[in-house]
Protein chains: 2
Amino acid sequence: MNDGAGAFKQSPGAGAATCHGDEGDSCHRVGHSPGKRRLSELTEQLRAKSRKITGPRQKILDVLRMNRHPVTIKELFAQMPRGDCDLVTVYRSLHLLESMGMVKRFDFGDGTARFELIDGPDGGHHHHLICTRCESIVELEDCFAKEMELSVAKRNGFASVTHRLEFFGICPKCQ
Amino acid sequence: MNDGAGAFKQSPGAGAATCHGDEGDSCHRVGHSPGKRRLSELTEQLRAKSRKITGPRQKILDVLRMNRHPVTIKELFAQMPRGDCDLVTVYRSLHLLESMGMVKRFDFGDGTARFELIDGPDGGHHHHLICTRCESIVELEDCFAKEMELSVAKRNGFASVTHRLEFFGICPKCQ
DNA sequence: CACTTAATGCAAATCACTTGCAAAGGTGGA
DNA sequence: TCCACCTTTGCAAGTGATTTGCATTAAGTG
């Protein structure tokens, strides 16, 4: 109850995505070659803010780099060599990474937060399309809502307007 | 883990809205004249599906009718004459009403579900703009994402695509 | 009015997430 | 390289929202 800004503990962002990881399907592929930034580049960001580069944190960043879709804390934890660190540490680390703008939190209403390493310049703003049956997800390139955001903000006199947009449906396989 | 469709317990819908009700502000006005459908009309829907019209359910529907913004279970419960029914009953009733398509669940990431009585023909599809400071909310008339929904669905071969869209910002008062 | 079945209340259980606290581990400076 | 200092971590316990088990009560129905 003391992180994030304002009354909501969420981080108004956008998108949605998932994959529970136990139903090995066409979902996220764990363990493929690092598709994101180098680990050193990431740890450097930590160091830049005088945060310690600890073992658990490196492992966590590494797992995040391996996942192309948002992962839940549990999934992330499961992908770490047993005993690498405590679940609580994963929670704490993701909070830190989020507050540092290194990861983005997604929430698609199933009561479990999901995290993705931020890639692009604008935080790699994007959305997801989730299959409500198999939970497979598709990362959507474009963000359609930017203009809406502006018009909604202007029309209602709101400032710093952000949005969260998620799409749900039945994927081709599940139809 | 056994209601709703598919793997997600959420009901992929759209929108967002809230108001915690204790900070009496420009937020939801409880107790104004019934702005929504008559109670008899509502109970009729229940009866049509051979659901019983119980005391608690009538009270719950009544409170829902009085609120123009989505309410949390707790708020709803608090607005019922003390001792009218158990908190658990409110949870169960809302599940029922949701599954019957009579209420819509909104979720804006603070970990508490909010419900609104469904009004219009298309389920009164709309979105909300929430102030992250005072939690006041604005109901947005139009739905901007319908077209996206179609294009996203087509482009990815998904069926029955729905979306959830929420806007967050700082309201005029809080700036 | 008796009956059948759904609904309710109460207590206890889950679940995701957070917090308190003492022990362990990075880091910058001597 | 060694240390003191302050951040992190692990473990246990706590929250808050929501669900579940089960015996009891109350809507509909004939």
Side-chain angles (χ1 to χ4, degrees), chain A residues 1-4 7-11 18 20 43-44 46-61 70-78 80 82-100 105-115, chain B residues 1-4 7-11 18 20 22 43-44 46-61 70-78 80 82-100 103 105-115:
Chain A
M1 281 262 187
N2 58 334
D3 62 276
F8 292 89
K9 64 182 169 190
Q10 71 173 175
S11 55
T18 191
H20 272 176
T43 54
E44 209 38 63
L46 279 175
R47 187 165 280 126
K49 297 211 176 184
S50 61
R51 294 327 200 123
K52 297 181 177 171
I53 319 288
T54 64
R57 285 184 184 164
Q58 292 190 62
K59 297 274 170 44
I60 290 168
L61 283 171
V71 286
T72 64
I73 298 274
K74 285 279 185 61
E75 289 164 3
L76 209 167
F77 184 60
M80 296 176 68
R82 282 268 146 253
D84 257 9
C85 83
D86 195 87
L87 219 210
V88 179
T89 298
V90 183
Y91 273 101
R92 284 196 271 231
S93 294
L94 284 174
H95 264 295
L96 172 72
L97 295 175
E98 186 187 9
S99 74
M100 290 182 61
R105 174 193 298 262
F106 290 97
D107 162 16
F108 31 103
D110 67 338
T112 329
R114 283 168 174 78
F115 300 85
Chain B
M1 278 264 186
N2 58 333
D3 62 275
F8 293 89
K9 63 182 169 189
Q10 71 171 172
S11 54
T18 191
H20 272 176
D22 302 284
T43 55
E44 209 38 63
L46 279 175
R47 187 166 279 124
K49 297 212 176 180
S50 63
R51 292 329 201 116
K52 298 179 178 172
I53 319 289
T54 63
R57 284 185 186 164
Q58 292 191 63
K59 297 273 170 44
I60 290 169
L61 282 171
V71 285
T72 64
I73 298 274
K74 283 278 185 62
E75 288 165 3
L76 209 166
F77 184 60
M80 296 177 69
R82 280 270 145 252
D84 258 10
C85 82
D86 195 88
L87 219 209
V88 179
T89 299
V90 182
Y91 273 101
R92 284 196 271 231
S93 295
L94 284 174
H95 264 294
L96 172 71
L97 295 174
E98 186 185 10
S99 74
M100 289 181 63
V103 303
R105 175 193 298 262
F106 290 98
D107 162 17
F108 30 104
D110 66 338
T112 328
R114 282 169 176 78
F115 300 86

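Chain A is the first sequence line, chain B the second, and so forth, proteins listed ahead of strands; every chain is numbered from 1.
Close to D/dT18, at under 4.0 Å from its OP1 or OP2, lies a side-chain N or O of B/Tyr91. Neither OP1 nor OP2 of D/dT18 sits under 4.0 Å from any side-chain N or O of B/His95.
Taking each heavy atom of A/Arg57 and A/Ser93 in turn, the nearest pair found is CG-OG, 3.9 Å. Among all heavy-atom pairs drawn from A/Met80 and A/Cys85, the shortest one is CE-SG, 3.7 Å. Listed here is the closest heavy atom pair of A/Val90 and A/Ile60: CA-CD1, 3.9 Å. Of all heavy-atom pairs between A/Val88 and A/Asp86, the closest is N-OD2, 2.8 Å. Here the closest non-hydrogen pair linking A/Phe77 and A/Leu87 is CE1-N, 3.6 Å.
When the nearest nucleotides of DNA chain D are assigned to A/Leu87 and B/Leu87 by heavy-atom distance, the more 5′-ward of the two goes with A/Leu87.
Atom CG of B/Leu46 and atom P of C/dT5 are 20 Å apart (whole Å). As rounded to whole Å, 12 Å separates atom C1' of D/dA12 from atom CZ of A/Arg92. Distance, A/Glu75 CD to C/dA16 P: 11 Å, rounded to whole Å. Atom pair B/Ile73:CD1 and D/dT19:P shows a separation of 8 Å (rounding to whole Å applied). When the C1' atom of C/dA7 is taken as reference, atom CG of B/Asp84 falls 15 Å away, rounded to whole Å. Nucleotide C/dA7 holds its C1' atom 13 Å from the CG atom of B/Leu97, rounded to whole Å. Counting to the nearest Å, the C1' atom of C/dA16 and the CG atom of A/Leu94 are 14 Å from each other. If you measure from atom NZ of B/Lys49 to atom C1' of C/dT5, you get 19 Å, rounded to the nearest angstrom.
The salt bridge (Lys or Arg N to Asp or Glu O under 4.0 Å) test applied to B/Asp84 returns B/Lys59, not counting sequence neighbours.
With distances taken from any side-chain atom of A/Arg47 to the nucleotides D/dG21, D/dT9, C/dT27, the minimum falls on C/dT27. The side chain of A/Thr112 lies closest to C/dA16 when the candidates are C/dA16, D/dT18, C/dT18. Side-chain proximity of B/Asp86 to the nucleotides C/dG9, D/dG10, D/dT18 is greatest for C/dG9.
Taken from CG in A/Leu97 to CZ in A/Arg92, the straight-line distance is 14.0 Å, to the nearest 0.5 Å.
Contact check of residues 50-60 of chain A against DNA chain D (heavy atom, cut-off under 4.0 Å) returns A/Arg51, A/Lys52, A/Thr54, A/Pro56, A/Arg57.
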